[in-house]
Amino acid sequence: MNTWHSLDVPRTELRLNTTLKCGQSFRWRTTGENEWSGVLRDRIITLQQSDHDVLFKADEGSVGATREILKDYFQLEVNLEALYAKWNQDQNFKKKSGEFAGIRILRQDPLENLFAFICSSNNSISRITMMVNKMSERWGTYIGTVEGDSQPYYSFPTLSRLAEDGVESELRNLGFGYRAKYIAQTAKYILQNHDEKWLESLRYVEYAQCREELMKLSGVGPKVADCVCLMSLDKHESIPVDTHVWQIAKRDYKISGLAAAKSMTPKNYLAIGDFFREIFGDYAGWAHSVIFTADLRQFGEKSRQPSLKRRLLGLSRKKQALSRKRGLR
DNA sequence: ACAGTCCCTTCCTC
DNA sequence: AGAGGAAGGGACT
């Protein structure tokens with residue numbers, strides 16, 4: 001019998017809607033009012049934000065184990081309010097921090113994190129979500145469903161499944177484009193040069209070396225390497241600089257040598273990371289994530305739900321495109 | 001309905 | 001070293 005249990009954490013320490021949907025993880029589905037479901041360590045987890053707490057569903061036999069999984073995943077030993085207080089010394093941060101409290105870095109499974117972010121290049125959150133789901137459906141293991149939702153949940157595929165022959169061409173058929181090759185090559189490379197445990201073992205390697213190792217993988221450049229460093233390998237000081245962060249850095253901060261910079265060279269990339277580490281300290285990557293999320297279209301000031309009219313227009317366009325395609329055959 | 005532009009990048013070439 | 005283009009496909013305007 002599944003019942004709700006308390007994680008005993010206030011909204012200022014953990015806000016689910018932003019933390020789960022800001023583009024760190026792509027596996028959480030909205031399954032109710034203030035409720036999200038996803039897969040952690042091959043089990044389905046359902047979470048709910050209540051007024052003064054976060055609740056999780058579990059049967060009596062697994063309450064303790066589930067709570068431990070969640071404490072680890074949300075890194076609850078990190079005192080976020082204390083960090084915000086420190087980061088508030090930066091005026092740009094302070095402007096956002098009230099509205100964007102409780103945004104934490106998740107401690108994700110390195111394997112899922114790596115492959116999700118290989119998919120992320122030149123891509124949007126919604127399409128990355130589709131791709132990660134497709135990979136899980138095709139090469140992962142079926143786990144089950146949640147109450148009141150017929151959507152099946154799958155574990156993320158293992159390395160050896162992704163290293164199988166034919167994965168690349170199947171991924172291409174699934175619409176992964178040039179990322180298909182990256183995924184297949186990376187899975188094979190890791191198994192040939194290391195083993196299944198290798199990725200997780202990078203948690204015990206210092207940031208610079210960890211980053212360097214990751215960048216040997218196909219489809220992994222500085223940005224993706226930093227995402228994996230930050231979001232699953234415990235490198236709290238890692239700053240992934242994408243075009244978005246690049247814009248924020250130029251717009252809101254005076255970083256020497258950056259004002260005149262035209263493009264994102266490795267040198268500029270490093271300058272931005274070093275600057276944020278300078279002003280935010282050890283957990284600079286966490287601070288960066290708050291600033292980043294506050295600027296995201298879906299959460300930020302600019303956010304607005306497309307009008308019903310516009311959404312219907314989008315739908316009818318899709319239909320037309322589909323019938324045109326059919327007509328060609 | 002259409003067309004130009006932009007997307008949470010990497011890799012390759014010049 | 002640094003700039004620029006190619007590589008899916010979809011969404012936005």
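Just so it is clear, the model here is predicted, and its values are computed rather than measured. Throughout, protein chains are lettered first and strands after them, A, B, ... in sequence-line order, and every chain is numbered starting at 1.
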*Residues touching DNA chain C, which here means a heavy atom under 4.0 Å, drawn from residues 113-128 of chain A*: A:N122, A:R127
*Between B:dC8 atom P and A:I103 atom CD1, what is the distance in whole Å?*
17 Å
*Taking OH from A:Y178 and C1' from B:dC7, how many angstroms apart are they, rounded to a whole number?*
10 Å
*What residues form a salt bridge (charged side-chain N to carboxylate O under 4.0 Å, His left out) with A:E170, not counting sequence neighbours?*
A:R138
_No-hydrogen, no-angle side-chain donor-acceptor test under 3.5 Å, A:S62 and A:R43_ = no
_If you take the centroid of each ring, where Trp contributes its six-membered ring, are A:F176 and A:Y182 closer together than 6.0 Å?_
no
Protein-nucleotides 3-6 of chain C N/O pairs closer than 3.5 Å?
residue : atom : partner : partner atom : Å
C:dA3   : OP2  : A:S263  : OG           : 2.9

*Ignoring hydrogens and geometry, is there a side-chain-to-backbone donor-acceptor pair from A:S232 to A:D109 under 3.5 Å?*
no
_Results of salt bridge (charged side-chain N to carboxylate O under 4.0 Å, His left out) for A:E200 - residues two or more places apart only_ = A:R203
*Which dot-bracket notation, 5' to 3', represents the base pairing of DNA chain C when pairs are defined as Watson-Crick or G-U with both distances under 3.5 Å, crossing pairs as [ ], and inter-strand pairs as |?*
.||||||.|||||
*With side chains defined as the heavy atoms from C-beta onward, is the minimum distance between A:Y269 and A:V245 less than 4.5 Å?*
no
_CG/A:D195: more than 12 non-hydrogen atoms of other groups inside 6.0 Å_ = yes
*B:dT10 phosphate, OP1 or OP2: any side-chain N/O from A:R179 under 4.0 angstrom?*
no
*Give me the residues of residues 223-237 of chain A where at least one heavy atom lies under 4.0 Å from an atom of DNA chain B, by number, or none.*
A:K223, A:V224
_Work out how far the P atom of C:dG5 is from that of B:dT5, and round it to whole angstrom._
13 Å
*Check: A:N88/A:S97 side-chain N/O donor and acceptor closer than 3.5 Å*: yes
*Start with the C-alpha distance between A:K223 and A:D226, add both sets of side-chain angles, then the distance that settles salt bridge (charged side-chain N to carboxylate O under 4.0 Å, His left out), and finish with yes or no.*
CA-CA 5 Å; A:K223 191 269 180 181; A:D226 273 329; over 6 Å; no
*Looking only at atom P, what distance separates B:dC6 and C:dG4, rounded to whole Å?*
15 Å
*asked:* Checking one value: the base orientation of C:dG9, syn if chi is within 90 degrees of 0, otherwise anti.
replied: anti
_Shared-cluster residues of A:Y154, by chain and number - hydrophobic side chains joined below 4.5 Å_ = A:Y142
*Rounded to whole angstroms, how far apart are CD1 on A:I183 and P on C:dA7?*
19 Å
*Starting at CG of A:L171 and ending at P of C:dG8, how long is that distance when rounded to a whole Å?*
13 Å
*Nearest heavy-atom pair of A:F74 and A:R104: which atoms, and what distance?*
O-NE, 2.7 Å
*For C:dG8 versus B:dA3, give the span between their P atoms, rounded off to a whole number of Å.*
23 Å
*Let me know the distance between OH of A:Y189 and P of B:dT10, rounded to the nearest Å.*
17 Å
Give each protein N/O atom lying under 3.5 Å from an N/O atom of nucleotides 11-14 of chain B, with the pair distance.
residue : atom : partner : partner atom : Å
B:dC11  : OP1  : A:G219  : N            : 2.5

*asked:* Between P on B:dC8 and CD1 on A:I291, what's the gap in Å once rounded to a whole number?
replied: 17 Å
*Send over the distance from A:I272 CD1 to B:dC8 P, rounded to a whole Å.*
16 Å
*Take atom CG of A:L270 and atom C1' of C:dG2, then tell me their distance rounded to the nearest Å.*
16 Å
*Do A:F100 and A:Y84 have ring centres separated by under 6.0 Å?*
no
_Just to be sure I understand the rule, does A:F176 reach a base, reach only the sugar-phosphate, or reach nothing, if contact means heavy atoms closer than 4.0 Å?_
nothing
*asked:* Taking ring pair (Phe, Tyr, Trp, His ring centres under 6.0 Å) as the definition, give me every residue that meets it alongside A:Y153, ordered by chain and number, with sequence neighbours left out.
replied: none
*By the rule that ILVMFWY residues connect when side-chain heavy atoms come within less than 4.5 angstrom, directly or transitively, which residues belong alongside A:L55?*
A:W4
_Transitive ILVMFWY cluster of A:Y204, excluding itself - 4.5 Å side-chain cut-off_ = none
*B:dC8 and C:dT13, which share atom name P, separated by this distance in whole Å*: 12 Å
*Side-chain heavy-atom pair A:H288, A:F280 within 4.5 angstrom cut-off*: no
*Sequence neighbours excluded, which residues qualify as salt bridge (charged side-chain N to carboxylate O under 4.0 Å, His left out) partners of A:K71?*
A:E68
